[in-house]
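Structure first, commentary second.
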There are 2 protein chains.
Amino acid sequence: MLKDAHDPTPRECGECPIRHRAVCARCDAQELEQLDQIKYYRSFEAGRTLIWAGDRMDFVGSVVSGIAMLTQTLEDGRTQMVGLLLPSDFVGRPGREKAAYNVVAVSDVVMCCFRKHPFENMMEKTPHIGQRLLEMTLDELDAAREWMLLLGRKTAREKIASFLAILGRRNAVLNMSKAAGQVVFDLPLTREAMADYLGLTLETVSRQISALKRDQVIHLEGKRHVTVPDFDRLLEEAGDDSDGGMLA
Amino acid sequence: MLKDAHDPTPRECGECPIRHRAVCARCDAQELEQLDQIKYYRSFEAGRTLIWAGDRMDFVGSVVSGIAMLTQTLEDGRTQMVGLLLPSDFVGRPGREKAAYNVVAVSDVVMCCFRKHPFENMMEKTPHIGQRLLEMTLDELDAAREWMLLLGRKTAREKIASFLAILGRRNAVLNMSKAAGQVVFDLPLTREAMADYLGLTLETVSRQISALKRDQVIHLEGKRHVTVPDFDRLLEEAGDDSDGGMLA
DNA sequence: CGGTAAGTTGAGTAGAGTCAAATTTGGTGG
DNA sequence: CCACCAAATTTGACTCTACTCAACTTACCG
C-alpha cells in the first residue's frame, strides 16, 4: 500500500495551471523567479494525511491538483471538516509554527510547497504576495461564514441540497455555463466525508440523498454521478435567502 | 426611541484605545495622519442595526468600543450569528460593494469609519494596512473554523460550556491572569443572541445554563454575572481536544 | 406599581443519531 | 472472465437530544 504517488510534475511557474489563481497570481516574472528558488513539489495519494494538527510546519504551499480537506477532531473522535481545498487554494499560515488542522488528501494531490522562512521573508518585501493572500483569505472567511449558517441552522435535507448546489455552481463556473437548467457533476467526497462537511452522520447523508432522489430533485448514476434536472428547484430545497451569493 | 446615541468621542489616533490592535496597528505617524483625513466616528445605540446585508457600503471601519454581531438569515427568519465584533475588530471588506452580513449593535457601539475608496487607495500604497488586515483576517478565519467545529459537532451542553470558556479566556487575557482557578465575568449577550451564536434555541440555552448551574460547573448572580469556580472543569465540559488553542 | 422584555420551566414531538443488517461496488487474484 | 473480498453505501428499527408550543417568573423602566 505504500507505493509512492507518481508524477510530481515539477513545472515552470509560467506553465503552472494555477498560476493565475494561487497566492502567486499577482507576482511578476522577477518575483516568480524568486518563488521558484524556494519552491518544491510534493505528491500525496488519496486518503493520505498530509499534515497532522500540532505538527511543526516548515512549509506553506498551494494545492496544484486534486482535492484535500481540513479537519478538526474532538477527543472522542467526532470530526468536523473546516475547509475543502481545491487547486490554487493555500495551505498553512505564515508566521505560525504548528499546524492548526489536519490536512487529508481526498484524491491524489500535488502541492507546490514554499519553505516557510524564505516565504515569510519574501512576503515582507513583496506586497503582491500578501495582497493576493489577503484576497484569498477574505474569500475563505466568507465561505466559512456561509458554512456556519449551514451548520447552525439548516436541516439535514437543506444541508445536502446546499452542498449539491455548491458543487453545481462551481461546476457551472468551470464550464462557463450559468447554473440554471440541467446541471451534471460528480460528487468528490464519500458519504462519510460529506457527513463531516455537513455536521451529520453518514447514515443521514445517505437517507437524505435517497429522499432527494425519490423526490426527483436529483438523479443518480452509480453513487457519485449526479444530474440536477432543475437547478432552481435545488436552490429552493437549499433554503437559502434568494440571490445565491453576492460578490462585488 | 430615536434619540441619538451621544458622545461619538472623536479622538486623536494617538490617544485611541484601539490604536495598537486595530487595522492601523502597524501604521507610522505619517500614515496615521493620512488615515485621519478619511476617518470619522459614528455611534450606535444597543439593539440598532448598523448595516443591513445587501446595503451599499461606502465605508469600512473599526469597532472602537462596544460589541456588535454579524448575522445571516434564512428566508423564514432562522438566524445564525457568524461574527462577534469586539473593540479593534474590522468591519467591511475592501473592494466589496455591498454588505454581505447584517451588523447589529449588542451594546452601545462607537465605530471609526474610513471612507471606502480613499481607504482602498491607501491600501494599495501602504503595505502596513494590508499586512495588519491579513493578520486579523487569518485570526478571524481560525476563529470561524473553531466555531464550525462547535456548530457541527458539539452537544448543546458542550456548546454552552465552550462559549463560557471563550468568554472566560478572553476575560483572563484582559486581566492578564491566566484562566485556571476561579474566573468571573458577565455574559455580554442575551439568551437569544447566545442561541444565534451557538445554533440553538433560546429555550435550550436557558435549560443548559440551568443544568451547568445545577451541576456546580458555574454559579450565577442575576442572569448575567457568571462565576466559574474551576475553569479546567469547564474546559472538560466543553469537550475540546485538550490544549485550548495553539497560537504560534 | 404596572407593563414589557428577558428568562425559566414543563409537556409533548420530531428530526437526526445509534446500532445493526443487508446490499452494492470496485478491485484482486485465480 | 469470473468468484470473492473489503469498503462503501443503503435501509430498517429504535432512541434520544433538542425543538416547539405554552405557561409562568423575574427584572427592569418609566
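Lettering follows sequence order; numbering is per chain, from 1. Everything quoted here is computed from the prediction, not taken from an experiment.
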Whole-Å distance between [N] [atom2] and [X] [atom1]?
X	N	atom1	atom2	answer
A/Leu187	D/dT9	CG	P	9 Å
B/His225	D/dA27	NE2	P	15 Å
B/Arg153	D/dA18	CZ	P	14 Å
A/Gln208	D/dT10	CD	P	12 Å
A/Ile160	C/dG15	CD1	P	16 Å
A/Leu198	C/dA16	CG	C1'	13 Å
A/Arg78	D/dT17	CZ	C1'	13 Å
A/Lys154	C/dA16	NZ	P	13 Å

message: Heavy atoms only, 4.0 Å cut-off, all strands: where does A/Gly47 land among base, sugar-phosphate and nothing?
response: nothing
Charged N to carboxylate O under 4.0 angstrom, [X] versus [Y]?
X	Y	value
B/Asp139	A/Arg93	yes
B/Arg233	B/Glu236	no
A/Asp108	A/Arg48	no
B/Lys159	B/Glu237	no
B/Arg157	B/Asp215	yes
B/Lys154	B/Asp240	yes

- line: Axis-to-axis angle for the helix from C/dC1-D/dG30 to C/dG30-D/dC1, ends of five pairs each, to 10°, equals 40°
query: Taking the side chain as C-beta and beyond, is there a heavy-atom pair between A/Ser43 and A/Val109 under 4.5 Å?
result: no
query: Does a side-chain heavy-atom distance below 4.5 Å link B/Arg153 with B/Glu158?
result: no
- prompt: Between A/Tyr40 and A/Phe59, what is the ring plane arrangement, given parallel below 30°, perpendicular above 60°, and tilted in between?
  reply: perpendicular
message: So, does A/Thr201 get its side chain near the phosphate of C/dG17, meaning an N or O under 4.0 Å from OP1 or OP2?
response: yes
query: Is any side-chain N or O of A/Thr204 closer than 4.0 Å to OP1 or OP2 of C/dG17?
result: yes
task: Starting at the 5' end of nucleotides 1-8 of chain C, put B wherever the base has a protein heavy atom under 4.0 Å, S where only the sugar-phosphate does, and a dash everywhere else.
output: ------SB
